[in-house]
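FYI, the numbering just counts along the sequence from 1. Note that ligands are numbered from 1 as they come in the structure, with each ligand's atoms numbered from 1 the same way. Given the structure is predicted, the values throughout are model-derived calculations rather than measurements.
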Amino acid sequence: MIEGFRFLPEYFSPAQQKALVAEILSLLETCPLYRGAMPRTGKAMSVRNSNLGPLGWVSDIKGYRYQPTHPATGEPWGPIPKAMLDLWSDVSDYPAPPQACLVNWYEAGSRLGLHIDADETARDAPVVSVSLGSRALFRLGGLERSDPTSSMRLASGDVVVLGGVSRRAYHGVDRIYPDSSTLIPGGGRINLTLRRVTAP
Ligand code: SIN
Ligand code: FE2
């Protein structure tokens with residue numbers, strides 16, 4: 001396995017997952033999910049998203065970037081849940097808090113193509129990811145798009161840390177298994193990723 005990759009299965013208990021989902025659903029009422037577009041082509045993304053924290057990751061025809069406000073409402077993003085800040089303190093080994101918590105919402109047919117998270121300047125901070133709801137088929141490759149990949153299933157409550165060399169590795173989600181959990185209304189999956197964007 002690529003250096004710096006950590007898989008922490010069942011990091012969150014079922015009760016903690018339930019509480020976290022309730023908090024996210026409540027925050028999404030004022031900080032709603034929206035559908036971003038791919039840079040250049042403007043093609044709609046398969047996954048809907050929103051953000052929590054001082055910065056949020058957005059994608060539109062002009063490109064990828066971080067910004068302090070929601071593109072649809074113009075308001076600041078909501079706060080990062082305490083459970084997520086505690087997770088960051090526990091696993092990141094980084095001297096400053098995360099600035100963005102990207103909320104990705106997967107429906108039955110959603111997928112996320114192979115990509116590198118490369119829009120952050122704090123290159124030494126890991127990306128910390130939490131899976132909630134339906135299981136996902138996660139694919140992890142290497143530093144080049146053409147490198148061999150391996151696949152694993154991520155279940156609700158699992159945490160993945162992309163640190164060290166793996167911070168620059170290609171990864172994506174090939175599919176979700178919509179009937180594998182009842183945690184999220186409608187059988188979807190929420191993935192939360194914590195990011196440090198700028199160096200402290
Ligand atoms: C991501 O790469 O931003 C999300 C990964 C996941 O949904 O597990
Ligand atoms: Fe990613």
Side-chain angles (χ1 to χ4, degrees), residues 1-2 4-12 17 20-21 24 33-39 45-53 55-59 63-66 77 80 84 87-88 91-92 98-123 125-145 147 149-178 180-181 183-184 187-197:
M1 194 53 84
I2 187 162
F5 177 80
R6 289 166 71 197
F7 173 50
L8 309 172
E10 295 176 48
Y11 181 95
F12 290 105
Q17 295 166 37
L20 189 51
V21 168
I24 297 292
L33 292 166
Y34 66 95
R35 197 177 292 281
M38 301 295 289
M45 296 195 29
S46 163
V47 170
R48 282 185 297 159
N49 49 58
S50 187
N51 290 270
L52 301 167
L55 291 173
W57 182 87
V58 300
S59 173
Y64 303 130
R65 64 190 172 277
Y66 282 90
W77 308 100
I80 299 178
M84 296 297 292
L87 167 67
W88 179 266
V91 305
S92 74
Q99 291 166 302
C101 177
L102 173 63
V103 181
N104 278 328
W105 187 288
Y106 296 78
E107 285 152 56
S110 299
R111 54 186 303 282
L112 188 66
L114 213 57
H115 67 278
I116 302 177
D117 292 5
D119 305 308
E120 303 79 21
T121 50
R123 294 273 167 131
V127 168
V128 178
S129 145
V130 178
S131 294
L132 295 165
S134 290
R135 279 199 290 280
L137 185 60
F138 179 77
R139 184 192 291 266
L140 179 66
L143 302 182
E144 305 290 339
R145 188 176 280 280
D147 285 349
T149 63
S150 51
S151 292
M152 58 193 291
R153 283 183 181 76
L154 297 181
S156 196
D158 293 353
V159 166
V160 160
V161 182
L162 294 175
V165 176
S166 76
R167 179 66 180 78
R168 304 276 154 258
Y170 277 91
H171 60 278
V173 173
D174 290 336
R175 62 164 296 190
I176 71 160
Y177 300 89
S180 58
S181 168
L183 186 68
I184 313 271
R189 171 179 188 255
I190 297 175
N191 176 261
L192 305 172
T193 46
L194 294 170
R195 293 108 188 279
R196 178 76 201 184
V197 181

With a cut-off of 4.0 Å, which atoms of ligand 1 are near a heavy atom of [X]?
| X | value |
| --- | --- |
| R189 | 6 (C), 7 (O), 8 (O) |
| R195 | 3 (O) |
| N104 | 3 (O), 4 (C) |
| H171 | 2 (O) |
| V173 | 6 (C), 7 (O), 8 (O) |

Inset, instruction - Let me see the working for S134 and Y177 under side-chain contact (heavy atoms from CB on, under 4.5 Å), right down to the final yes or no. - result: CA-CA 6 Å; S134 290; Y177 300 89; 5.5 Å; no
Residue portion contacting ligand 1 (non-hydrogen atoms closer than 4.0 Å) for [X]:
| X | answer |
| --- | --- |
| V160 | neither |
| V127 | neither |
| R111 | neither |

Which residue owns the protein heavy atom closest to [atom], what's the atom, and how far is it?
| atom | answer |
| --- | --- |
| atom 7 (O) of ligand 1 | Y106 OH, 2.5 Å |
| atom 5 (C) of ligand 1 | N191 OD1, 3.7 Å |
| atom 1 (C) of ligand 1 | L112 CD2, 3.5 Å |

Legend entry - Between T193 and N104, a side-chain donor and acceptor under 3.5 Å: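 No.
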Inset, instruction - Could you verify whether a donor N or O on one side chain and an acceptor N or O on the other, from R135 and S181, lie under 3.5 Å apart? - result: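 Note: R135 and S181 side chains miss the donor-acceptor criterion.
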Inset, instruction - With rounding to the nearest 0.5 Å, note down the distance linking CE in M84 to CG in L192. - result: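 If I round to the nearest 0.5 Å, the distance is 4.5 Å.
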Inset, instruction - Can you measure from OG (S129) to CZ (F7) and round to the nearest 0.5 angstrom? - result: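 Answer for the OG-CZ pair, S129 versus F7, is 10.0 Å.
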Inset, instruction - Identify, by name, the N, O or S atom of H115 lying closest to the Fe ion (ligand 2). - result: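 When I compare the N, O and S atoms of H115, NE2 is nearest to the Fe ion (ligand 2).
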Inset, instruction - Name whichever N, O or S atom of D117 ends up nearest to the Fe ion (ligand 2). - result: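 Sorting the N, O and S atoms of D117 by distance to the Fe ion (ligand 2) puts OD1 first.
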Inset, instruction - Flag the pair M45 / M38 as yes when at least one side-chain heavy-atom distance between them is below 4.5 Å, and no otherwise. - result: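 Touching, per the 4.5 Å side-chain cut-off.
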Legend entry - N49, I24, I190 screened by side chain to side chain contact (heavy atoms under 4.5 Å, CB included) with W105, the one that passes: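 By the side chain to side chain contact (heavy atoms under 4.5 Å, CB included) criterion, W105 pairs with just one of N49, I24, I190: I190.
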Inset, instruction - May I ask you to check whether D117 has an N/O atom sitting below 3.5 Å from an N/O atom of ligand 1? - result: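 No, no N or O pair falls under 3.5 Å.
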Legend entry - side-chain contact (heavy atoms from CB on, under 4.5 Å) between V173 and R139, intermediate numbers included: CA-CA 6 Å; V173 173; R139 184 192 291 266; over 6 Å; no
